[in-house]
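The structure under discussion appears below in the form of structure tokens.
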Amino acid sequence: MKVGLITGITGQDGSYLSELLLKKGYEVWGICRRSSSSNTMRINHIIDKLNLRYGDLSDSICINNILTEITDKYGDDLIVLEVYNLGAMSHVKVSFDIPEYCSDIDGTGVLRLLECIKNNKYKDKIRFYQASTSELYGLAQNIPQTENTPFYPRSPYACAKLYGYWITINYRECFNIYACNGILFNHESPRRGDTFVTKKITSGVCNIKKGKQDYITMGNIYSKRDWGHAKDFVYGMWLMLQQDKPVDYVLSTGKHYSIKEFIEMSFEYVNINIKWKGEGLDEIGYDEDTGKTLIVIDSKYFRPTEVDTLLGDSTKAMLELGWKYKYDIKGIIKEMIDT
Ligand code: NAP
Ligand code: G4F
């Protein structure tokens, strides 16, 4: 029996990874948070096929209970249990507001999972994936960034993820656990959370086109990101756990664009020509045909420390895992606007 356990199963990546594992014949388990309103929108279409348990990465007891329940259920029939740690407080800007919580979940939460794996009777059949991030590069020391580029985190989120990255390597080296990091660059989809920049822009463009919204209020439109599609990236996560040995890999597209370029491509897709005037907080984007304002800037969306430019080099993943991505930036924008 091949079994997958996903923390963060209700998130963007968790939902695509669940679909992938089910398609491959895995029994899929997931840890969900209790919420006062529904948080299963992204997995409702497959919910009957999943084994969901309430839990939280702040709670070692529940993590241990769930892991033990799974290994006790399958016992010696277990071929492999792949644990994907995707659960996180994943919003960089919000991490400045709730830094201690973010450290606990995104940093110490990784340790909690690894300890439970270390103490499990079937430890040698368990493989662990840690959702590491290109935010680790922060104030990037080299362009493009590879597995060997030094880290320089720029937010409480990135600092917590740095701990998660190293504790994963430490448990691999100390306790011989099959544990690896995927250092993933930004990946998007129609299931992206509403307050991340690509979703905010594509939803705003749709609303403006339908006459439901006048303009979009943005922060820093000059940072650059290397954007891929979440579906391509969860496939890369799965590939990492299929190798003989645990190794850390970068996943990225090798192309990057500014937020401003993403805005321009999104309006272009719905046949609106955007032009720009002004500078800094006074910069606006407007419709060339009607003169209406489409984009305004508000400093409330600026970050105390920004990550100006991210560009990944996934040569290692392409050569060693055979990983490829299918979506380019225009394909991502099209799907996000059309869905
Ligand atoms: P997401 O959509 O924000 O999903 C995060 C998931 O974590 C949700 O299921 C959320 O549950 C869960 N979660 C939050 N706090 C938790 C806690 N205390 N205990 C247990 N679960 C908790 O994030 P994503 O985009 O799918 O990203 C998946 C992972 O990859 C995250 O670790 C993220 O940091 C990392 N990552 C993402 C990207 C990217 O560009 N998407 C790039 C690199 C790394 P609720 O649904 O209840 O909120
Ligand atoms: O969409 P974002 O919030 O993503 P960010 O900060 O790059 O983080 C995402 O990718 C990381 C991988 O590198 C993940 F680890 C992390 O979990 C998350 O998924 O912001 C992208 C850029 C930033 O430079 C931000 O300052 O867009 C800029 N931006 C400009 N205006 C904005 C806005 N970001 C948001 N969220 N909202 C704005 O209005």
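Index from 1, following the sequence. Both counts, for ligands and for their atoms, begin at 1 and track the order of listing.
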Item to check | Location of contacts on Tyr301 toward ligand 2, heavy atoms closer than 4.0 Å | outcome: side chain
Checklist entry - Considering only the protein, which heavy-atom contact is closest to atom 22 (C) of ligand 2, and what is its distance? => result Ile259 CD1, 3.7 Å
Checklist entry - Hey, are the side chains of Leu310 and Phe185 touching, using non-hydrogen atoms and a 4.5 Å cut-off? => result yes
Checklist entry - Can an N or O of Asp56 be found at a distance shorter than 3.5 Å from an N or O of ligand 1? => result yes
Checklist entry - For ligand 1, is there an atom lying under 4.0 Å from some heavy atom of Tyr157? => result yes
Checklist outcome for this item: If you scan protein heavy atoms around atom 24 (O) of ligand 2, the nearest is Ser223 OG, 2.7 Å
Checklist entry - Any heavy atom of Asn39 sitting closer than 4.0 Å to ligand 1? => result yes
Checklist entry - Can you tell me which residue and heavy atom of the protein come closest to atom 43 (C) of ligand 1, and the distance to 0.1 Å? => result Leu184 O, 3.1 Å
Checklist entry - How does Ile105 reach ligand 1, by side chain, by backbone, by both or by neither, if only non-hydrogen atoms under 4.0 Å count? => result side chain
Checklist outcome for this item: shortest atom 3 (O) of ligand 1-to-protein heavy-atom contact is with Ser90 OG, 2.7 Å
Checklist outcome for this item: Looking only at protein heavy atoms, what sits closest to atom 10 (C) of ligand 1 is Thr10 OG1, 4.1 Å
Checklist outcome for this item: Going by the 4.0 angstrom heavy-atom rule, the piece of Arg303 near ligand 2 is side chain
Next on the checklist: Counting only heavy atoms closer than 4.0 Å, does ligand 1 sit against the backbone of Cys32, its side chain, both, or neither?
Outcome noted: neither
Checklist entry - What part of Lys161, side chain from CB on, backbone N/CA/C/O, both or neither, has a heavy atom under 4.0 Å from ligand 1? => result side chain
Checklist entry - Can you tell me if Met218 has a non-hydrogen atom under 4.0 Å from ligand 2? => result yes
Checklist outcome for this item: Ranked by distance from atom 44 (C) of ligand 1, the top protein heavy atom is Ser132 O, 3.5 Å
Next on the checklist: Test of understanding: given a 4.0 Å heavy-atom threshold, classify the contact between Tyr16 and ligand 1 as side chain, backbone, both, or neither.
Outcome noted: neither
Next on the checklist: Would Ile221 count as a polar contact of ligand 2, with the cut-off being nitrogen or oxygen pairs under 3.5 Å?
Outcome noted: no
Checklist entry - If we only count N/O pairs under 3.5 Å, is Thr133 in contact with ligand 1? => result no
Next on the checklist: Ring centres under 6.0 Å, that's the criterion: do Tyr165 and Phe151 meet it?
Outcome noted: yes
Item to check | Identity and separation of the nearest protein heavy atom to atom 37 (N) of ligand 2 | outcome: Thr195 O, 3.9 Å
Item to check | Under-4.0 Å salt bridge between Glu19 and Lys24 | outcome: no
Checklist entry - Strictly under 4.0 Å, does any heavy atom of Tyr101 approach an atom of ligand 1? => result yes
Item to check | Polar contact flag for His187 and ligand 1 (N/O pairs, less than 3.5 Å) | outcome: yes
Checklist outcome for this item: shortest atom 5 (P) of ligand 2-to-protein heavy-atom contact is with Asn186 ND2, 3.8 Å
Checklist entry - For Phe196, is at least one N or O under 3.5 Å away from an N or O on ligand 1? => result no
Next on the checklist: Starting from atom 19 (N) of ligand 1, what is the nearest protein heavy atom, named by residue and atom, and what distance separates them?
Outcome noted: Leu57 N, 2.9 Å
Next on the checklist: Among all the protein's non-hydrogen atoms, which is closest to atom 23 (C) of ligand 2, and how far away is it?
Outcome noted: Arg225 NH2, 3.5 Å
Checklist entry - What atoms in ligand 2 come closer than 4.0 Å to a heavy atom of Ser90? => result 16 (C), 17 (O), 18 (C)
Checklist entry - Under a 4.0 Å heavy-atom limit, does Tyr157 contact ligand 2 with its side chain, its backbone, both, or neither? => result side chain
Next on the checklist: Looking only at protein heavy atoms, which one is nearest to atom 29 (C) of ligand 1, and what is the separation?
Outcome noted: Leu86 O, 3.2 Å
Checklist entry - What about the rings of His91 and Phe196, do their centers lie closer together than 6.0 Å? => result yes
Next on the checklist: Just to confirm my output: which protein heavy-atom neighbour is closest to atom 48 (O) of ligand 1, and how far is it?
Outcome noted: Arg33 NH2, 2.8 Å
Checklist entry - Among protein heavy atoms, which lies nearest atom 2 (O) of ligand 1, and at what distance? => result Gln12 N, 3.0 Å
Checklist entry - Picking from Arg172, Gln130, Lys316, what satisfies side chain to side chain donor-acceptor pair (under 3.5 Å) with Asp248? => result Arg172
Next on the checklist: Need the ligand 2 atom indices (1-based, order shown) with element for anything under 4.0 Å from a heavy-atom of Ser134.
Outcome noted: 12 (C), 13 (O)
Checklist outcome for this item: side-chain contact (heavy atoms from CB on, under 4.5 Å) test vs His187 passes for just one of Gln12, His229, Lys231, namely Gln12
Item to check | Nearest option to atom 27 (O) of ligand 1, as decided by whichever heavy atom of Asn85, Leu136, Asp13 sits closest | outcome: Asp13
Checklist entry - Short list, please: which atoms of ligand 2 are under 4.0 Å from a heavy atom of Glu306? => result 23 (C), 24 (O), 25 (C), 26 (O)
Item to check | NZ or CZ of Arg127 within 45° of Tyr178 ring axis and under 6.0 Å | outcome: yes
Checklist entry - Is the closest heavy atom of Arg192 to ligand 2 under 4.0 Å? => result yes
Next on the checklist: Just to be sure I read this right, does ligand 1 sit under 4.0 Å from the backbone of Arg192, its side chain, both, or neither, counting only heavy atoms?
Outcome noted: side chain
Checklist entry - So does Glu306 pair up with Arg225, basic N to acidic O under 4.0 Å? => result yes
Next on the checklist: Any salt bridge linking Arg154 with Asp308? Criterion: basic side-chain nitrogen under 4.0 Å from a carboxylate oxygen.
Outcome noted: no
Checklist entry - Are Trp323 and Phe233 close enough that their ring centers fall under 6.0 Å? => result yes
Item to check | Salt bridge Arg192-Glu335, side-chain N to carboxylate O under 4.0 Å | outcome: no
Checklist entry - How close does the nearest protein non-hydrogen atom get to atom 32 (C) of ligand 2, and which residue and atom is it? => result Val197 CG2, 3.5 Å
Item to check | Ligand-side contact atoms (ligand 2) for residue partner His91, heavy atom cut-off under 4.0 Å | outcome: 36 (N)
Checklist entry - Between Asn186 and ligand 1, does any nitrogen or oxygen pair lie at a separation below 3.5 Å? => result no
Next on the checklist: Closer than 4.0 Å to some heavy atom of Lys200 - which atoms of ligand 2 meet that?
Outcome noted: 38 (C), 39 (O)
Checklist entry - Is Asp287 salt-bridged to Lys292, cutoff N-O under 4.0 Å? => result no
Item to check | Heteroatom proximity flag, Thr198 to ligand 2, N/O under 3.5 Å | outcome: no
Next on the checklist: Between Arg112 and Glu115 (salt bridge meaning N to carboxylate O under 4.0 Å), is one present in this structure?
Outcome noted: no
Checklist entry - Can you tell which part of Lys161 has a heavy atom less than 4.0 Å from ligand 2: side chain, backbone, both or neither? => result neither
Checklist entry - Looking only at protein heavy atoms, which one is nearest to atom 8 (O) of ligand 2, and how far off is it? => result Val92 CG2, 3.6 Å
Checklist entry - Tracing side-chain links under 4.5 Å among I, L, V, M, F, W and Y, which residues wind up in one group with Ile284? => result Tyr215, Val296
Next on the checklist: Considering non-hydrogen atoms of the protein only, which is the closest contact for atom 28 (C) of ligand 2, and what is the distance?
Outcome noted: Asn220 O, 3.7 Å
